[in-house]
J.: 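I have a structure I would like to understand better, so I am pasting it below and will then ask my questions one at a time.
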Amino acid sequence: MNKKEKLEMLSYFVGELGLSHKEVAEYLLAEDLSAKATMPQKILPGMYIYADGLIYPEIIEGRQVMAVVGSVDGSDVLAVCLQEARLPWSSDWLEAKATQKMTGGKEATRKILEISRKKRQEAEAAQWCYDYAEDGVKQGEAFLPSLTELEKLFANKAAINASLKALGVVLLEGWYWSSTEYDNNYAREFYMGNGDRYYDYKYYNNYSVRAVITIQL
């Protein structure tokens, strides 16, 4: 948009729509930023992942933020979704031994749900994450993070929470279920307050569940 076009738009917005000059200026600035936004060379925790695939360090008006970068390992990006819930790991005490040694939550979530279907038992935390379809995330993309992945998020909690706060969504705080089973009665959980790791009964519903996604750069 050239200078003449901007002035014509400014006159229209002020004269016809009754907007203030400040409101119009902020709108035009946002339009310029959106048009010029390009992927930074280095992706860092706390950056915003947009539904159209852009990763950018600032909030761009008019574009849907899908998640916030949580950790970067080479070309692998682990990102935190914007919503969370409070659910039991499994109200039916589902046993998923295979997840005890898994460090990848995506694989563990699939395994939990596979066993859940076979045994016809509930796996609420994993199911909620798998079904997550908010803010541009497609159903089946998100998963319940493993204990290892929650540790990675904790290491970058300050940057992640600063961005989540700017969006006005729930911060990473308190205890979170992981996709890592402890034994047939217990599942692993992680405390975002100080990095403690523990385990508790699978049927407890007083722990948070936060979906995450992975992106390949």
Side-chain angles (χ1 to χ4, degrees), residues 37-60 63-85 89 96 98-114 123 125-167 169-173 176-181 187-192 195-197 208-217:
T38 57
M39 197 89 76
Q41 290 186 342
K42 188 174 183 180
I43 305 302
L44 299 171
M47 288 186 176
Y48 300 100
I49 299 178
Y50 289 85
D52 59 8
L54 175 69
I55 301 179
Y56 201 67
E58 299 176 28
I59 295 175
I60 303 172
R63 271 177 127 149
Q64 177 64 61
V65 175
M66 182 170 66
V68 171
V69 175
S71 71
V72 183
D73 184 9
S75 62
D76 298 323
V77 175
L78 178 67
V80 181
C81 295
L82 307 185
Q83 315 299 326
E84 66 177 47
W89 198 88
T99 68
Q100 294 178 20
K101 296 182 179 180
M102 288 183 179
T103 57
K106 191 166 190 176
E107 181 186 2
T109 298
R110 300 299 186 273
K111 177 58 67 173
I112 291 169
L113 296 180
E114 176 188 328
Q127 190 68 59
W128 185 84
C129 291
Y130 182 81
D131 290 340
Y132 188 93
E134 304 285 345
D135 309 307
V137 178
K138 296 179 181 178
Q139 192 269 342
E141 288 183 336
F143 56 91
L144 182 63
S146 67
L147 189 66
T148 299
E149 288 164 336
L150 287 170
E151 290 170 350
K152 291 180 179 179
L153 298 182
F154 176 73
N156 300 314
K157 186 183 72 169
I160 297 167
N161 276 348
S163 294
L164 294 175
K165 184 177 181 180
L167 291 170
V169 298
V170 182
L171 307 185
L172 284 180
E173 296 179 330
Y176 286 85
W177 283 124
S178 75
S179 58
T180 309
E181 183 185 84
R188 293 280 190 180
E189 67 214 27
F190 188 90
Y191 185 50
M192 283 293 169
D196 277 355
R197 304 144 184 85
S208 297
V209 177
R210 193 71 171 242
V212 296
I213 58 174
T214 53
I215 292 176
Q216 290 286 318
L217 297 177

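Position 1 is the first residue of the sequence, and the numbers go up from there.
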J.: How long is the span from the CG atom in Leu172 to the CG atom in Leu164, to the nearest 0.5 Å?
T.: 6.0 Å
J.: Minimum heavy-atom separation for Leu153 and Gly70, please, with both atom names.
T.: CD2-CA, 3.7 Å
J.: Roughly how far apart are Ile55 CD1 and Tyr50 OH, rounded to 0.5 Å?
T.: 11.0 Å
J.: Enter the distance from Glu84:CD to Trp128:CH2 here, rounded to the nearest 0.5 Å.
T.: 7.5 Å
J.: Could you grab the distance from atom SG of Cys81 to atom CZ of Phe143, nearest 0.5 Å is fine?
T.: 8.5 Å
J.: Considering all heavy atoms of both residues, which atom of Val69 and which atom of Ile160 are nearest to each other, and what is their separation?
T.: O-CG1, 3.7 Å
J.: For the pair Glu149 and Lys152, find out whether any cationic side-chain nitrogen is under 4.0 Å from an anionic carboxylate oxygen.
T.: no
J.: Should we say atom CD of Glu107 is surrounded by more than 12 heavy atoms from elsewhere, each under 6.0 Å from it?
T.: no
J.: Set out, in order, the CA-CA distance, both residues' side-chain angles and the distance that settles side chain to side chain contact (heavy atoms under 4.5 Å, CB included) for Gln83 and Val170, then state yes or no.
T.: CA-CA 7 Å; Gln83 315 299 326; Val170 182; over 6 Å; no
J.: Just so I know, are the side chains of Tyr130 and Gln127 near enough to count as touching, which here means a heavy-atom distance under 4.5 Å?
T.: yes
J.: Short question: side chain of Ser146, backbone of Thr180 - any donor-acceptor pair under 3.5 Å?
T.: no
J.: Tell me the closest heavy-atom pair linking Ala126 and Thr109, and the distance in Å.
T.: O-CG2, 3.8 Å
J.: Evaluate Met192 against Leu150 for side chain to side chain contact (heavy atoms under 4.5 Å, CB included), listing each step before the verdict.
T.: CA-CA 8 Å; Met192 283 293 169; Leu150 287 170; 4.0 Å; yes
J.: Going from NZ on Lys106 to SG on Cys129, what distance comes out if it is rounded to the nearest 0.5 angstrom?
T.: 12.5 Å
J.: Distance from Lys42 atom NZ to Met47 atom CE, nearest 0.5 Å?
T.: 9.0 Å
J.: For Thr99 and Glu181, indicate whether the former's side chain and the latter's backbone hold a donor-acceptor pair under 3.5 Å.
T.: yes
J.: Which atoms form the tightest heavy-atom contact between Arg210 and Leu82, and what is the distance?
T.: NH2-O, 3.5 Å
J.: I'd like to check the side chain to side chain donor-acceptor pair (under 3.5 Å) partners of Gln41; sequence neighbours left out, ordered by chain and number.
T.: none
J.: Indicate the atoms forming the closest heavy-atom contact of Ala166 with Tyr48, along with that distance.
T.: CB-OH, 3.4 Å
J.: Pick out which of Ile49, Ile60, Val65 makes a side-chain contact (heavy atoms from CB on, under 4.5 Å) with Leu54.
T.: Ile60
J.: Trp89 side chain to Ser179 main-chain N or O, any donor-acceptor pair under 3.5 Å?
T.: no
J.: Could you tell me which non-hydrogen atom of Gly74 sits nearest to which non-hydrogen atom of Leu217, and how far apart they are?
T.: O-CD1, 4.1 Å
